[in-house]
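Every value quoted in this text rests on a predicted model; they were computed, and no experiment measured them.
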Amino acid sequence: MADILFHLFAFLTIGSSVAVVYNHNAVNSALAFLVGLIGVSGLFVLLDSFLLAVLMVLVYAGAVVALFLFIIMLLDMQGGERKPFSKATAVAALIGAALLTVCTMTLIRKFGGLETAEMGSILPVGANLKHYADLLFTTYLLPVQVVGFLLLIAMLGVIVLSKKFAGLEDVK
Amino acid sequence: MPTELLQQAAADNHWAAIGPELMVGCLALLLLVLEIVLPKARHEIIPSVAVVGLLGIITGFVINYHTAFVGQTTFNGLLRHSGTGQFLRLFFLLAATGVSVLGIVALKRQKMPKVEFFAITLVVSGAMMLLAQANNFVMLFVALETVTVGFYILVSYTRTNPLSLEAGLKYLIMGALSSGILLFGIALLYGVAGNPALTAASADSMNFDALRVFLYANPDNIIAAVGIVLVLSGVAFKVGAVPFQIWIPDVYQGAPTPVTAFLAIASKAAGFAILLTLVTVFDGYQSLVVGVLTVMAIATILFGNLAALTQHNVKRLIGLSGVSHAGYLLVGVIAAIHVPFAVGAICFYLFAYLLGSLAVFGVMTHVSGDDDADQDMDHYADLAKTHPFLGVVLAVGLGSLAGIPPLAGFMGKLLVFLAAFEAGLYALLGVAILGVVISIYYYFGWIKAAFFPQWRPPVFEGDDPLPEPPRQVVSTPAGILLATAALASVLLGFYQGPLGAWLGLG
């Protein structure tokens, strides 16, 4: 059962990610991105990381994608007439794919296959909110404080870069 | 979790160990409060508060330089305080002071809000100081993101200038891409080092000590190898090493000059602080790390110097020459794997680069006209005649960057190259020396523009004479900064040993 679900969510994630890139309409891309995030959160559920799964849906699907959609609709962006591939892109993609294949083959030949662990032996750190919060307020207290400063300067940046100031002529 | 366990976990949070960072953060908050509290007419004193506060913090830091925390880890292994870390903290404080002084000069001509510039500069330098001591990928990434987000804002700060906005957008996209690559590498390393099926796996695999042990125990792991390459690539973006240098010329040109200085000096040093830490962590994969860094160093030195040859815009020139400096420093990092004193050599090189760059950028700030992005070699015509002080400072700064004896930059290069020689990196050494020889051409082209009379088309009667390039009066704080940077560049060429020993660099 878990295997079937894994494949289902994996294909959902990859398929919708491809759709994000190939869609001409930005709104469709954003919605495909939303579906991809749901797929990722499904994968987290399969890994027993329920907290991460919920956060994925709440923060990314709920807030971030909604914000993307807002901005896309506000700017009223059209897909445009550009061709999906120019000749140079196709050649670059071919070379890139060839390089990737060669690198992967070399690495696999040199290092061999991957080791897998028993599912139950790994601690699901992202499983419950209490454990997560304990860590945030003890071990990782300093990074949390630094993130506070990060948000502060991000806010300052928004003010500096977007507020109207007297005597300031903006770029059209 | 019971209360005792919580207390135990929190007991390792020695806030005194990061006193300077706390003070820098509080100073940033103080500036914002002052902006609200003070009447509009008194707002000019706020930038001075930033500079004076920074000088106070530096004094306090130097007095307490040899603290008991050196050699220890605090915050549950998130931070490791080392001699190199102490030096880099001082370095970032000095860089922030210099950039703030240049900011006062440059922002005087803009109608932009002023206080935010200094607050963001302070927060960014505080984050860099933490970055230099990070001993855990969580801490490293959070601090690095704080630095990067700060730079997104600073680069596009003069938003009335389209080039500044363009630079900000380019930096945003490239910065996000590089953070993504870095994060992917971290995730792979975290996952593979936390895999219980492997020997020496750790539940706390973000920790550098645990990771180092794991990498020693598993020297042939494909995922770890891919993770290491991705992490190194992400950091290479930040230092601007080839092939991750494409953003450098445009961003350096578009950013306001003090921000360009900050990017060139502190952002690069932060990248090398990370690299020096990571090279020891990835010791188990030495051949891979050395291979990747060697290819990067050769490409970086050659590309940076050859691309700088044709530049006429001085901001692009200094950006591309900064790329080649990153190449020399990469040689030092490779040498540091085998030769311990190479770390000290890198620190000295960075310090000489700080002084030389501050001198050059200081002059650039004074010579630039209304359009900050358009600074040409021609603007430097007759600089030595009209402004002897600026001319001399420029010559000393450029000479130090080029590595002319007996200036500090020469000693920095000599120390790094000696370390490379001792480590047996002869091919790299050859490329580096070739790079230095090429670099002398463009540095001297700039000095020549400032010192030697230029051919001018004859002015006929009735014609308007050519407009004079803009010049600014040097204010006292900026003059002190420029004179200090130039004097220190000269003095450090003769006198390094005892200072290095006191700084704990050996």
Q: Go through it in stages, so that I can follow the logic: the residues are Phe149(A) and Leu29(B), the test is side chain to side chain contact (heavy atoms under 4.5 Å, CB included), and I'd like the CA-CA distance, side-chain angles, deciding distance and then a yes or no.
A: CA-CA 10 Å; Phe149(A) 272 98; Leu29(B) 297 179; 4.2 Å; yes

Q: As an exercise: rank Ser156(B), Ala28(B), Gly168(B) by heavy-atom pairs under 4.5 Å with chain A and give me the winner.
A: Ser156(B)

Q: Can you give me the closest heavy-atom contact between Trp15(B) and Leu142(A), atom names plus distance?
A: CZ3-CD1, 3.8 Å

Q: Once rounded to the nearest 0.5 Å, what's the spacing between atom OG1 of Thr138(A) and atom CG of Asn13(B)?
A: 8.0 Å

Q: What pair of heavy atoms forms the shortest contact from Arg159(B) to Lys163(A), and how long is it?
A: NH2-O, 2.6 Å

Q: Given heavy-atom pairs under 4.5 angstrom as the criterion, report whether the side chain, backbone, both or neither of Leu154(B) touches chain A.
A: neither

Q: Measuring from atom CZ of Phe75(B) to atom CD of Gln145(A), what distance do you get when rounded to the nearest 0.5 angstrom?
A: 9.0 Å

Q: Contact part of Asn218(B) toward chain A, heavy-atom cut-off under 4.5 Å: side chain, backbone, both or neither?
A: neither

Q: Do the non-hydrogen side-chain atoms of Ile153(B) and Leu156(A) ever get within less than 4.5 Å of each other?
A: no

Q: Give the minimum heavy-atom separation between Ile153(A) and Thr146(B), together with the two atoms involved.
A: CD1-O, 3.7 Å

Q: Quick one: of Val123(B), Ile18(B), Leu79(B), Val147(B), who has the most non-hydrogen atom pairs under 4.5 Å with chain A?
A: Val123(B)

Q: If you count the non-hydrogen atoms of other residues, nucleotides and ligands that lie under 6.0 Å from CD1 in Ile4(A), is the total more than 12?
A: no

Q: Heavy-atom distance under 4.5 Å to chain B: side chain of Leu151(A), backbone, both or neither?
A: neither

Q: Please classify the contact between Glu21(B) and chain A as side chain, backbone, both or neither, with a heavy-atom cut-off of under 4.5 Å.
A: neither

Q: Less than 4.5 Å to any heavy atom of chain A: does that hold for the side chain of Val226(B), its backbone, both, or neither?
A: side chain

Q: What distance separates Met206(B) CE from Thr139(A) OG1, expressed to the nearest 0.5 Å?
A: 13.0 Å

Q: About how many Å separate CG of Asn136(B) and OH of Tyr140(A), when rounded to the nearest 0.5 Å?
A: 5.0 Å

Q: Under a 4.5 Å heavy-atom cut-off, does chain A meet the side chain of Leu78(B), its backbone, both or neither?
A: side chain

Q: For a 4.5 angstrom cut-off between non-hydrogen side-chain atoms, does Leu32(B) reach Leu152(A)?
A: yes

Q: Are Val147(A) and Glu145(B) packed together at the side-chain level, in the sense that at least one heavy-atom pair is separated by less than 4.5 angstrom?
A: no

